[in-house]
Amino acid sequence: MKKIMLVLGTRPEAIKMAPLYHELKLHPDLFETQVCITAQHRQMLDQALKVFNVKVDVDLDLMKEGQDLFDITSSVLLGMREVLKSHQPDVLLVHGDTTTTLAAAIAGFYAGIPIGHIEAGLRTHDLYAPFPEEFNRQVVTKITNLHFAPTAFSRQNLLNDGVPETQITVTGNTVIDALFWVINRIDSDALRLRDVCKFLNERLSFSWQQDRFILITGHRRENFGDGFMQICEALKELAVSYPDIHFVYPAHLNPNVQVPVNSILMGLPNIHLIGPLSYEPFVYLLKHCYFVLTDSGGIQEEAPSLGRPVLVMRDVTERPEAVEVGAVRLVGANRERIVSNVSELIENEASYKKMSHVRNPYGDGKACARIIDVLGKIK
Ligand code: UD1
Ligand code: UDP
């Protein structure tokens, strides 16, 4: 019996680790599964954990309003020291590239506990984009024993970094497992579907199932300040130019996002500012939107699976697979480029069609089974 501890801190970690948690729980003869949350995010993490019914064993409850990287890194590292001492897991599973991921992996390394890294090998090769995520994942690679790469491309990045081939497994991305799971759950349960639609009807004052709308999210640290001003100014200009198109923006709770978004975009009739959505209504909106404008990592992976084009408000991406298949385009956090690219997709049907076929380079929804297979074989 192996003691496996999953460490999560933010919304995307919860969404992407939840299917793995459930897959581990299916094998109580092989694994004792423990979940430790740092709660680097509080409300947004709890929202995601609730959707997936994840039972938490340890809650460090660390989030502070306006926390910085020093706060999170030090508090996760110190918090994990005690957790690892008292729980003594055989393997510590971390996900992706957040500060929770980095600090929890360092804690595991100091305590001599093998690290499994889910969503390993993503790279931009620019330590400042995204910041600090590119640094976080490169460091985590150094101290990881089991690398679960979502694609052949991320596997190659790991090989280029000198990771031995025997330590890498290509699994697909667990976000596709989560996405399929949630979509099947909504599609197979009329009452659930009714609740999701009712929830969205109460928040959106237009016919979101019929009218064209663009779904927007954004939260990258390197876009704070000027980047967010440009994003908001672009949205304002677009909302005025296209009064028949709706812009739905479930804004991240970070004050660096909330302040510019609310001050620049509040009051425009076709811009709908709502709070972060629970995963089910969010996925349902993703399915119904015309296209997505985002700087998010996870949404670049989900939207192509649903045939929704994505304009990414960044200059580089660690997820080039969807750019290569033509479903994602980089537009930067730049007012002119956002306006011209959004206008093109609204006005030019051929451009839109080219980007909107269902293309999913991120997996078949069986990533977790492949990860379990490897975990089951460790001595
Ligand atoms: C974090 C991750 C980022 C990930 C993102 C997912 C780091 C450095 N950043 O960025 O990689 O893509 O999460 O969304 O690890 N807040 C709340 N409630 C919440 C969540 C956040 O109020 O549920 C506010 C708090 O004021 C908090 C602030 O947002 O201090 C920033 O949260 P933080 O986790 O530091 O950064 P994110 O931008 O969310
Ligand atoms: N998401 C959500 N509700 C929202 C916005 C996003 O559930 O209001 C989901 C989205 O489907 C994806 C994840 O959150 O799975 C992405 O999180 P985020 O953009 O915060 O982080 P990133 O992926 O950039 O690390």
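First listed ligand is number 1; within each ligand, the first listed atom is number 1. Just so you know, these numbers come straight off a predicted model, no measurement behind them.
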TODO: Determine the minimum heavy-atom distance between S278 and V51, stating which atoms define it.
DONE: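 S278 and V51 have their closest heavy atoms at OG-CG2, 3.0 Å.
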Give yes if a backbone or side-chain nitrogen or oxygen of [X] is under 3.5 Å from a nitrogen or oxygen of ligand 1, and no if not.
X: N254; result: yes
X: H41; result: yes
X: T100; result: no
X: T99; result: yes
X: M63; result: no

If you count the atoms of ligand 1 from 1 in the order shown, which ones are under 4.0 Å from a heavy atom of [X]?
X: P132; value: 8 (C)
X: L69; value: 8 (C)
X: I72; value: 35 (O)

TODO: Using only heavy-atom distances, determine whether the side chains of S343 and S340 contain a donor-acceptor pair under 3.5 Å.
DONE: no
Open item on the list: Whether the N173 and E301 side chains hold a donor-acceptor pair (N or O, under 3.5 Å, no angle test) is what I'd like checked.
Closed with: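 The answer is yes; a qualifying pair exists.
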- [ ] Please confirm whether Q47 comes under 4.0 Å of ligand 1, counting heavy atoms of the residue only.
- [x] no
Please identify which atoms of ligand 2 are closer than 4.0 Å to at least one heavy atom of [X].
X: Y279; value: 7 (O), 11 (O), 15 (O)
X: P276; value: 8 (O)
X: S296; value: 16 (C), 18 (P), 19 (O), 22 (P), 23 (O), 24 (O)

Under a 4.0 Å N-O cut-off, is there an ion pair linking [X] with [Y]?
X: D161; Y: K142; value: no
X: K287; Y: D187; value: yes
X: K377; Y: D373; value: yes
X: E13; Y: K16; value: no
X: D71; Y: K64; value: yes

Heavy atoms only: which of [options] lies closest to [atom]?
atom: atom 35 (O) of ligand 1; options: R11, Q67, R137; result: Q67
atom: atom 21 (O) of ligand 2; options: H219, E280, R11, R319; result: H219
atom: atom 22 (P) of ligand 2; options: G297, A178, A14, S278; result: G297
atom: atom 36 (O) of ligand 1; options: R221, R42, K64, H219; result: R221
atom: atom 11 (O) of ligand 1; options: Q258, E133, E65, M44; result: E133

Taking non-hydrogen atoms only, is [X] closer than 4.0 angstrom to ligand 1 via side chain, backbone, both or neither?
X: P130; result: neither
X: P255; result: side chain
X: T98; result: both
X: P276; result: neither

Open item on the list: Taking 4.0 Å as the limit for heavy-atom contacts, which would you say applies to M44 with ligand 2: side chain only, backbone only, both, or neither?
Closed with: neither
- [ ] Would you kindly specify which portion of E302 sits under 4.0 Å from ligand 2, judged on non-hydrogen atoms: side chain, backbone, both or neither?
- [x] side chain
Task: R212 to Y290, cation-pi by 6.0 Å centre distance and 45° axis angle - done: yes
Task: F199 six-ring face occupied by R203 cation (under 6.0 Å, within 45°) - done: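 Because its charged atom sits under 6.0 Å from the ring centre and within 45° of the axis, R203 does stack over F199.
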Taking the six-membered ring for Trp, are [X] and [Y] ring centroids under 6.0 Å apart?
X: Y128; Y: F135; result: no
X: Y279; Y: F52; result: yes
X: F206; Y: H272; result: yes
X: W208; Y: H288; result: yes

TODO: For R220 and ligand 2, answer yes if some heavy atom of the residue is under 4.0 Å from a ligand atom, otherwise no.
DONE: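 A heavy atom of R220 does come that close to ligand 2.
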Open item on the list: Checking the side chain of R220 only, and the main-chain atoms of D295 only, is there a donor and an acceptor separated by less than 3.5 Å?
Closed with: yes
Closest protein heavy atom to [atom], given as residue, atom name and distance to 0.1 Å:
atom: atom 26 (O) of ligand 1; value: G66 N, 3.1 Å
atom: atom 25 (O) of ligand 2; value: P12 CG, 3.4 Å
atom: atom 1 (N) of ligand 2; value: F282 CD2, 3.7 Å
atom: atom 18 (N) of ligand 1; value: Q43 OE1, 2.7 Å
atom: atom 13 (C) of ligand 2; value: I15 CD1, 3.9 Å
atom: atom 7 (C) of ligand 1; value: Q40 NE2, 3.4 Å
atom: atom 23 (O) of ligand 2; value: G298 N, 2.7 Å

- [ ] Indicate yes or no: does an N/O atom of L277 lie under 3.5 Å from an N/O atom of ligand 2?
- [x] yes
Open item on the list: Would you say that more than 12 heavy atoms from the other residues, nucleotides or ligands in this model lie under 6.0 Å from the CE of M266, or not?
Closed with: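 Counting other residues, nucleotides and ligands, CE of M266 stays at 12 neighbours or fewer.
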Task: salt bridge (charged side-chain N to carboxylate O under 4.0 Å, His left out) against D211, all qualifying residues, sequence neighbours excluded - done: none
Open item on the list: Measuring only between side-chain heavy atoms, which start at C-beta, is H252 closer than 4.5 Å to T217?
Closed with: no
